[in-house]
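What follows is a set of notes on a single structure, which appears directly below.
Every value quoted in this text rests on a predicted model; they were computed, and no experiment measured them. Order of the sequence lines sets the chain letters (A, B, ...), proteins ahead of strands, with each chain counted from 1. The figures that follow rest on heavy atoms only: side chains count, while hydrogens, waters and symmetry mates do not.
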Amino acid sequence: MTTADHIRNFSIIAHIDHGKSTLADRVLELTHTIADRDMVEQVLDSMDIERERGITIKSQAVRVMYDASDGQTYQFNLIDTPGHVDFTYEVSRSLAACEGAVLVVDSTQGVEAQTVANALMAMNANLEIIPLINKIDLPAADVERVRHEIEEGLAIPADEAILASGKTGQGIDELLEAVVARIPAPKGDADAPLSALIFDSYFDAYRGVVALIRVVDGAISAGMRIRFMATDVLAQVEEVGVRRPANEPMESLGVGEVGYLITGLKDPADVKVGDTVTLAKGGVTTPLPGYREVKPMVFTGIFPLDGDQYADLRDALDKLTLNDPALIYEPETSHALGFGFRVGFLGLLHMEVVKERLEREFSLDLLATAPSVEYHIYRTNGEMLTIHSPQDMPDAASIEHIEEPYLTATVLIPPDYVGAVMDLSVARRGTFETMQYLSTTTVEMKWSIPLSELIMDYFDQLKSRTKGYASLDYEFSDYKPSQLVKLDILLSGKAVDALSFIVHKDKAYATGNVLAQKLKAIIPRQLFEVPIQAAVGGRVLARTTVKARRKDVLAKCYGGDISRKRKLLEKQKAGKKRMKNIGNVEVPQEAFMAILKVDE
Amino acid sequence: MGAYRALYIHIPFCKQRCGYCDFTTEARAQDDPALDAYLDELLRAVRSASRNGELGSAESIYIGGGTPTHLGHKRLVNLVYTLSLSLNLHDDTEFTVEANPESLTAPLVRDLFALGVNRFSIGVQSFDDRELAALGRVHDAQQARAAVEIVRERCENISLDLMCGIPLQTPGSWEQSLATALATGVNHVSVYPLSIEEGTPLVGFAVDEDIQATMMEDAAAMLGAAGLERYEVASYARPGFACRHNTAYWTGLAYLGLGKGAHGMRMTAEGRERLVDGAVQELLTFPEAAAEDLMLGMRRAQGVSLEQVAAASTLLPNMQQAFEQALDRGLVRVSNGRYQPTDLGWLNGNELYSTIWDARS
């Protein structure tokens with residue numbers, strides 16, 4: 001066992017796409033952790049979607065042994081963290097397991113919003129930060145500018161920043177030496193009762209829940225009786241070990257060590273990220289700081305296109321939640337869409353990834369409704385109702401007031417785009433908070449903005465209005481009262497529940513109008529006229545009509561045409577299968593997402 | 001074999017390919033030896049079919065294209081002569097030759113008529129010169145009128161093809177074309193709304209289905225008022241002049257196709273086979289064939305009888321419901337014990353046909 005003074009626990013943090021995973025690959029290569037033949041791009045990103053999108057969703061912890069230039073061998077525990085704002089809490093727990101962090105900044109992009117957010121989190125966690133300027137092999141690399149941004153914007157001395165390229169391997173040796181020299185060894189009391197932090201967990205079909213832990217005090221070994229403090233669950237340690245990156249059982253994990261823990265527990269809800277593991281008897285009484293319940297922020301209805309897939313969808317969600325406890329779902333019934341689920345996510349990326357996995361890994365054809373947030377409805381009778389779906393909105397007369405979640409959004413942009421961000425954010429009911437120049441080329445703006453507005457395409461709009469320069473980070477601030485109403489969409493005079501959404505009173509008229517027009521463009525002409533109306537509480541705000549289709553016939557049909565025409569009919573039919581029949585109206589799937597596009 | 005009730009012969013040559021055309025045809029000069037070679041091959045196929053006893057029961061013959069008259073007098077007469085020797089022609093046999101105005105001559109009509117051809121289908125498309133030019137037709141309106149005159153001297157069974165929704169066409173010019181067609185005194189008119197096929201020069205022209213719908217309605221009204229009844233979605237005729245060959249296609253009769261790319265259909269122990277160039281392309285099971293018959297039946301004004309639908313239900317358990325659904329949606333009505341297409345069912349035929357075809361299983 002390596003003594004604590006030869007252990008270095010660190011994380012690599014970066015804005016998305018700044019090359020974090022590739023850098024981690026080079027570290028594993030240089031320390032011969034993975035044989036060359038087993039090397040695949042981005043080893044630590046274990047899911048297909050992670051690899052394809054180049055993002056990390058789950059944390060990883062890999063132990064590598066490094067023979068330093070001082071002649072001694074060090075145990076490095078490299079903790080790879082999720083690189084997206086949806087997973088801020090998971091990142092904070094991973095960082096709490098470390099003493100240091102390598103802050104990767106793309107030399108062609110410079111400091112971006114998540115660079116700032118992640119650096120701040122690392123500072124809050126009291127980590128030693130080693131700045132690393134990456135991708136210096138690219139012609140567009142501007143090391144001096146980036147160095148300046150790191151110093152000005154983040155107040156991190158950057159004269160000793162490591163210049164590296166994950167692609168060519170340049171600077172990796174220097175990085176490994178810096179980890180030894182600059183990151184402190186973990187401190188802990190080997191004789192104290194066990195106290196270990198869970199910073200992630202995943203589900204193994206054979207072993208049950210596998211927790212990734214960092215031992216703070218004491219030691220943990222197989223056979224020990226332990227307690228998960230937040231959930232107050234008792235268990236016996238079946239196995240502990242380290243990941244290289246394959247699991248390698250060990251007799252025990254001591255102070256400062258990072259590894260995995262298997263207890264045979266089958267329910268992921270028992271093993272929560274941020275919880276403290278201690279001894280069942282004679283354990284610590286105060287858990288490690290920082291634990292909180294993870295709460296989904298964004299909700300959407302997910303329905304199988306083919307009602308027969310309902311049970312398959314439920315099974316698939318069941319399986320996904322094993323590895324993703326932040327995902328929650330409950331059955332939802334829609335008059336328009338039938339049986340499905342209301343699913344809660346940490347954020348929009350999380351939502352996209354889950355929907356994609358459901359469709360890809362479980363071969364489901366799904367229809368998702370527009371995302372919603374959690375509203376607090378204060379009723380005249382004094383009770384407070386929490387709703388996740390516009391469908392659940394009670395009658396307006398019974399509502400005293402409504403509160404909705406607000407975020408603090410941090411936007412980083414070149415100064416030229418301040419006006420554009422102002423425009424967009426004010427239109428999205430944002431309240432300006434602060435603005436500061438991080439450098440002559442980067443402005444940081446902070447906005448208080450409703451989450452419901454942010455999830456409506458805000459980031460895409462921000463990107464397009466700033467020619468891609470803007471970066472965005474956000475965190476939940478609080479619930480605030482808003483004048484909200486439920487906008488209903490009626491097709492052929494009947495309200496379609498799956499198309500309703502909650503909108504600010506002042507925007508209801510404009511949004512209703514635009515949406516009605518969008519739907520008119522999306523819904524194909526049918527045999528009969530389809531009136532589209534947008535209404536609030538029975539009052540029609542906007543109306544338009546999809547005219548009846550007057551002609552659809554392949555008039556010429558002789559001997560040689562019969563087979564061909566029949567095949568054309570079959571093709572037309574296949575297109576219709578992708579639509580949902582609501583009453584007698586055929587509605588394409590994109591209609592349910594049309595609300596996201598009202599700004600275009 | 002020998003059960004073919006209809007014979008189709010394909011002539012895949014034209015003077016020039018039209019802008020909307022995606023048929024099996026190619027532009028060739030009339031003195032191109034390829035035309036002679038093709039004709040030789042075709043005559044061999046006719047003789048061989050004759051030896052196999054496949055031609056004896058044909059009640060309709062249709063020489064189509066392409067442009068059959070582009071073969072020229074000698075070759076076309078040669079073909080029809082060879083056919084007349086092999087076929088069991090009698091007074092009731094319908095023998096159609098497709099013709100384009102630019103290559104139709106009085107001597108040709110005279111000789112073909114003498115050999116048994118008793119119906120001419122003339123590709124007029126429009127009586128407006130600008131529209132004809134826009135379609136890439138090689139004739140003008142005057143030639144079209146003259147062609148009808150020539151044929152009328154010998155034969156009263158003449159059909160004209162007209163197209164609506166074509167470039168440059170206006171509601172007024174469409175009415176004018178219809179009026180001119182009626183003035184020629186023909187007994188049969190086919191009305192085709194233009195459809196744009198991939199790979200043709202007209203790709204990029206936006207068809208306006210609303211305008212086409214109005215024009216189809218105008219055609220039905222004008223032709224109907226003049227005594228040409230609509231007997232199929234695109235076909236109008238005075239009583240007794242409905243095309244029997246096309247009716248064979250729509251009523252599930254077996255047909256033999258000879259010539260390049262020609263389609264045939266026959267029933268076998270397995271079901272309904274469709275052949276192209278003599279090779280089986282498709283096999284429909286008996287239930288599928290029954291569904292196809294009902295679908296094609298609903299292209300016709302007389303539709304299908306309630307008994308026929310009920311009888312098909314032993315093979316097709318969902319068919320009854322499909323017809324009831326079409327009735328609910330206003331695509332068909334019941335009249336004299338038959339399901340017949342409504343105006344909505346004519347114009348939105350695809351909706352009706354696919355409802356029926358979907359009930360095949």
*Would you please indicate if the ring centroids of F341(A) and F303(A) are separated by under 6.0 Å?*
no
*asked:* For the aromatic rings, using the six-membered ring if either is Trp, is the centroid distance between H188(B) and Y231(B) under 6.0 Å?
replied: yes
Of all of [options], which one pairs up most often with chain A through heavy atoms under 4.5 Å apart?
{"options": "H10(B), E292(B), E232(B), M295(B)", "answer": "E292(B)"}
{"options": "W250(B), Y8(B), F23(B), Y192(B)", "answer": "Y192(B)"}
{"options": "S190(B), S195(B), P193(B)", "answer": "P193(B)"}

Check whether [X] gets within reach of chain A through its side chain, its backbone, both or neither, counting any heavy atom under 4.5 Å.
{"X": "W346(B)", "result": "backbone"}
{"X": "Y353(B)", "result": "both"}
{"X": "L331(B)", "result": "side chain"}
{"X": "Q281(B)", "result": "neither"}
{"X": "N246(B)", "result": "side chain"}
{"X": "S354(B)", "result": "both"}
{"X": "R360(B)", "result": "side chain"}
{"X": "Y62(B)", "result": "neither"}
{"X": "Q212(B)", "result": "both"}
{"X": "T24(B)", "result": "neither"}

Regarding [X] and [Y], does a basic nitrogen lie under 4.0 Å from an acidic carboxylate oxygen?
{"X": "R329(B)", "Y": "E351(B)", "result": "yes"}
{"X": "D423(A)", "Y": "R465(A)", "result": "no"}
{"X": "D312(A)", "Y": "R314(A)", "result": "no"}
{"X": "R525(A)", "Y": "D210(B)", "result": "yes"}

*Quick one: of A548(A), A555(A), G559(A), who has the most non-hydrogen atom pairs under 4.5 Å with chain B?*
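Among A548(A), A555(A), G559(A), the one with the most close pairs to chain B is G559(A).
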*Which one of E570(A), K556(A), R566(A) has the most heavy-atom pairs closer than 4.5 Å to chain B?*
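Heavy-atom pair counts peak at R566(A).
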*Atom OG1 in T247(B), atom CD in E59(B): separation rounded to 0.5 Å?*
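The CD atom of E59(B) is 12.0 Å from OG1 of T247(B), to the nearest 0.5 Å.
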Other residues, nucleotides and ligands only: do more than 12 of their heavy atoms fall within 6.0 Å of [atom1] on [X]?
{"X": "K463(A)", "atom1": "NZ", "answer": "yes"}
{"X": "F205(B)", "atom1": "CZ", "answer": "yes"}
{"X": "F339(A)", "atom1": "CZ", "answer": "no"}

Sort [X] into side chain, backbone, both or neither according to what part of it lies under 4.5 angstrom from a heavy atom of chain B.
{"X": "I562(A)", "result": "side chain"}
{"X": "K565(A)", "result": "neither"}
{"X": "K573(A)", "result": "side chain"}

*Within a strict 4.5 Å, meaning less than it, do heavy atoms of the Q589(A) and L305(A) side chains meet?*
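Counting from C-beta outward, Q589(A) and L305(A) do come under 4.5 Å.
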